[in-house]
Amino acid sequence: MKTRSFFAYVGSRTSVERNARGEGISVYRIDQTSGALDLVQVLGHLVNPSFLALNSAGDRLYSVHGDEYEVSAFEVNSDDGTITHLNTQHCGGKNPVHLALDPSGKFLVVSNHLSHNVAVLPIDLDGKLGNVIQIIEMIGTPGPHRKEQPFAKPHFNPFDPSGQFVIVPDKGLDKVFSFRFKDGQLAPADKSEMTSREGAGPRHIAFHPTQPWSYVINELDSTVTACKFDSQAGGLMAFQVISALSDSFIGNSRASEIAVHPAGHTVYASNRGEDSIAVLAVDDQTGRLRLIQTISSGGKTPRFFALSPDGHWLYVHNEDSDSIVTLAVNAQTGMLQSTNQIVRCGSPVCMVFTV
């Protein structure tokens, strides 16, 4: 029987200013039986390809260039997973940190972290990016953190499960904004913002696969906010805040990534400082969370992690120890277990998959 496999694309920081050791975008073949990573290609000479997005057909890959002013498009070879550069385009601001494709695949939305805006770019039929067609400024009062909250800092801009709304956690303003997206244009949703605790620093958001719940990871206080999501008005309403750290950890830590298991029974969060992955059980009646496990990230500074599409594996990206660590996911409980599989990769910070 032929072994099933799929491809993963890893973005890495590359610049001297970031003290980075990455080479560019790495392509891996993943064995679906063992979760093992096999390097296929490294596309180098790219500046900080630090967040990636694949289109639904799996034949186009898009990347921001962290600390710069640009985003790039790549063509994906469906046979061997390799990528080739299509074009690079100005993204309307400095330090793009996240990007998301609309359901039609005709537009790309980008968060420009240090220009406090969100931009929209069109995508041509050949997959190339066009000029920016809209820029939305994030407006509000900065949070109290003297270093991390001097101004608005949008950090993430995923589409909700329906594809009608773009949700933007803003670390600088302690707010999560909601925009309706139609015909390539963003407009404030009917319920346009949710305010977090002062100094929380909302960073990323993940949606439950079947229920109207979403979960926001707060970077600065290492908490998770559980919310009800109004799929008609686009608004978020918080109903719980819970720590993502073990109660025995007394040091400093910053949360970074969050994801919901495809089965919906668990939420995962990463902690830089404790260097751990938190596993939080989801109450299937209320959506409330309960911390059931913290496990070592197997390295230093787990800036990012990704669940495989089938939910069997969780890949931890330890930015400061140059490693991708594979953890096995228990199908019934969602809890994590070490596999002793470690791949060396310089400054890895993002991973996306295509089957």
Side-chain angles (χ1 to χ4, degrees), residues 8-28 41-54 60-74 76 83 85-101 108-119 121 129 148 153-158 168-172 201 203-206 217 219 254-259 270 272 297 299-306 315-324 343-353:
Y9 300 84
V10 174
S12 295
R13 292 198 182 277
T14 63
S15 67
V16 174
E17 293 78 9
R18 287 281 181 167
N19 190 32
R21 298 154 301 281
E23 299 179 70
I25 298 176
S26 302
V27 183
Y28 294 92
Q41 178 194 19
V42 177
L43 187 65
H45 307 292
L46 302 172
V47 179
N48 296 331
S50 50
F51 222 96
L52 309 174
L54 273 163
R60 298 290 185 269
L61 178 74
Y62 298 89
S63 172
V64 301
H65 295 283
D67 297 332
E68 300 294 311
Y69 298 84
E70 297 172 319
V71 291
S72 290
F74 304 87
V76 179
I83 59 174
H85 179 255
L86 287 174
N87 80 321
T88 296
Q89 187 65 261
H90 195 285
C91 61
K94 184 177 183 181
N95 192 19
V97 291
H98 187 250
L99 72 174
L101 291 153
L108 187 74
V109 183
V110 179
S111 291
N112 292 309
H113 192 57
L114 294 182
S115 294
H116 16 97
N117 68 43
V118 175
L121 293 83
L129 294 162
E148 295 290 345
K153 288 186 173 183
H155 214 301
F156 205 56
N157 55 259
V168 183
D170 192 301
K171 187 174 78 171
R203 177 183 173 94
H204 286 186
I205 186 171
I217 189 75
E219 176 180 335
R254 297 281 180 88
S256 53
E257 185 56 293
I258 191 163
S270 61
R272 299 169 293 177
S297 69
K300 187 176 181 181
T301 318
R303 181 182 181 88
F304 185 82
F305 66 84
Y315 297 94
V316 186
H317 290 53
N318 292 301
E319 182 180 9
D320 290 334
S321 56
D322 301 328
S323 64
I324 302 173
V343 168
R344 296 300 166 188
C345 180
S347 306
V349 292
C350 183
M351 181 184 245
V352 294
F353 305 91

Is a salt bridge present between Glu68 and Lys94, judged by a nitrogen-to-oxygen distance below 4.0 Å?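 Looking at Glu68 and Lys94, the cut-off is not met.
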For the pair Glu148 and Lys171, find out whether any cationic side-chain nitrogen is under 4.0 Å from an anionic carboxylate oxygen.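 Salt bridge present between Glu148 and Lys171.
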Measure from the side-chain N and O atoms of Asn48 to the backbone N and O of Ser15, and report whether any donor-acceptor pair falls under 3.5 Å.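 Indeed, once roles are kept as given, a pair shorter than 3.5 Å links the two residues.
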Heavy-atom check, side chain of Glu70 versus side chain of Cys91, under 4.5 Å: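 Side chain of Glu70 against side chain of Cys91, heavy atoms only: no contact under 4.5 Å found.
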Does the pair Tyr28 and Cys345 meet the rule for a side chain to side chain contact (heavy atoms under 4.5 Å, CB included), with working shown? CA-CA 11 Å; Tyr28 294 92; Cys345 180; 3.7 Å; yes
For Arg303, is there any backbone N or O sitting under 3.5 Å from a side-chain donor or acceptor partner on Ser256?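 Between the backbone of Arg303 and the side chain of Ser256 there is a qualifying donor-acceptor contact (under 3.5 Å).
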Would you mind reporting whether Leu121 and Gln89 have side-chain heavy atoms less than 4.5 Å apart?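 Touching, per the 4.5 Å side-chain cut-off.
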Taking the side chain as every heavy atom from C-beta outward, state whether Thr14 and Pro49 have any pair of such atoms under 4.5 Å apart.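 They are in contact (side-chain heavy atoms under 4.5 Å apart), so the answer is yes.
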Could you state the interatomic distance from NE2 (His116) to OG (Ser111), rounded to the nearest 0.5 Å?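 Between His116 NE2 and Ser111 OG, I get 13.0 Å after rounding to 0.5 Å.
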When you compare the side chains of Arg203 and His155, does any donor N or O come within less than 3.5 Å of an acceptor on the partner?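 Yes, side-chain donor-acceptor contact under 3.5 Å.
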Under 4.5 Å between any side-chain heavy atoms of Phe74 and Ile25, yes or no?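 SC-SC contact between Phe74 and Ile25 confirmed.
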Is it true that Phe353 and Tyr9 have ring centroids separated by less than 6.0 Å?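 No, ring centres 6.0 Å or more apart.
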With a 4.5 Å heavy-atom cut-off, do Val97 and Ser50 have their side chains touching?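 Heavy-atom side-chain distance check fails, nothing below 4.5 Å.
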Could you grab the distance from atom CG of Asn87 to atom NE2 of His85, nearest 0.5 Å is fine?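 So the gap between those two atoms works out to 6.0 Å.
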Would you say that Leu43 contacts Val27 through its side chain, given a criterion of any heavy-atom pair below 4.5 Å between the two side chains?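 No, every pair of side-chain atoms sits at 4.5 Å or beyond.
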Inter-residue atom distance Asn112.CG - Asn117.CG, 0.5 Å rounding: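 Answer for the CG-CG pair, Asn112 versus Asn117, is 4.5 Å.
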Glu23 CD: over 12 foreign heavy atoms closer than 6.0 Å: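 Counting other residues, nucleotides and ligands, CD of Glu23 stays at 12 neighbours or fewer.
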Looking at Lys153 and Asp170, is there a salt bridge between them, counting it only when a charged N and a carboxylate O are closer than 4.0 Å?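 No, no charged N to carboxylate O under 4.0 Å.
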What distance separates Tyr69 OH from His90 NE2, expressed to the nearest 0.5 Å?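 One finds 7.0 Å between OH of Tyr69 and NE2 of His90.
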Tell me which one of Leu86, Val71, Leu101 satisfies side-chain contact (heavy atoms from CB on, under 4.5 Å) with Tyr62.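 Single pass found, and it is Leu101.
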Is a side-chain N or O of Ser323 found less than 3.5 angstrom from the main chain of Gly299, in a donor-acceptor match?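 Flag not set: sc Ser323 to bb Gly299 has no pair under 3.5 Å.
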Rounded distance (nearest 0.5 Å) linking atom CD of Glu257 with atom CD1 of Ile217: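 Glu257 atom CD to Ile217 atom CD1 measures 8.5 Å (nearest 0.5 Å).
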Salt bridge (Lys or Arg N to Asp or Glu O under 4.0 Å), paired with Glu319, selected from Arg272, Arg13, Arg21: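 So the option named by the test is Arg13.
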Among Val109, Leu52, Val110, find the residue that satisfies the side-chain contact (heavy atoms from CB on, under 4.5 Å) test when tested with Leu99.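 Single side-chain contact (heavy atoms from CB on, under 4.5 Å) partner of Leu99 among Val109, Leu52, Val110: Val110.
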Where Pro348 and Asn318 come nearest, the two heavy atoms and their spacing: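 So the two residues come closest at CD-O, 3.8 Å.
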Kindly say whether Gly66 contributes a backbone atom to a donor-acceptor pair with the side chain of Asn95 at under 3.5 angstrom?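 Judged by distance alone, no pair lies under 3.5 Å.
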Under a plain distance cut-off of 3.5 Å, with no hydrogens placed, do Ser63 and Ser72 share a side-chain donor-acceptor pair?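 The criterion, which ignores hydrogens and geometry beyond distance, is not satisfied for Ser63 and Ser72.
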So do Pro302 and His317 actually touch side chain to side chain, heavy atoms under 4.5 Å?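 They are not in side-chain contact.
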Out of curiosity, Ile205 CD1 to Ile258 CD1, how far, rounded to the nearest 0.5 Å?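 One gets 8.5 Å once the value is rounded to the nearest 0.5 Å.
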Any side-chain heavy-atom pair from Ser347 and Asp322 closer than 4.5 angstrom?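 They are in side-chain contact.
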Run the side chain to side chain contact (heavy atoms under 4.5 Å, CB included) test on Val64 and His98 for me, step by step, so that the C-alpha distance in whole Å, both residues' side-chain angles and the decisive distance to 0.1 Å come before the verdict. CA-CA 7 Å; Val64 301; His98 187 250; over 6 Å; no
Using the ring pair (Phe, Tyr, Trp, His ring centres under 6.0 Å) definition, which of the options Phe156, Phe304, Phe305 pairs with His204?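 The single option meeting the ring pair (Phe, Tyr, Trp, His ring centres under 6.0 Å) with His204 is Phe156.
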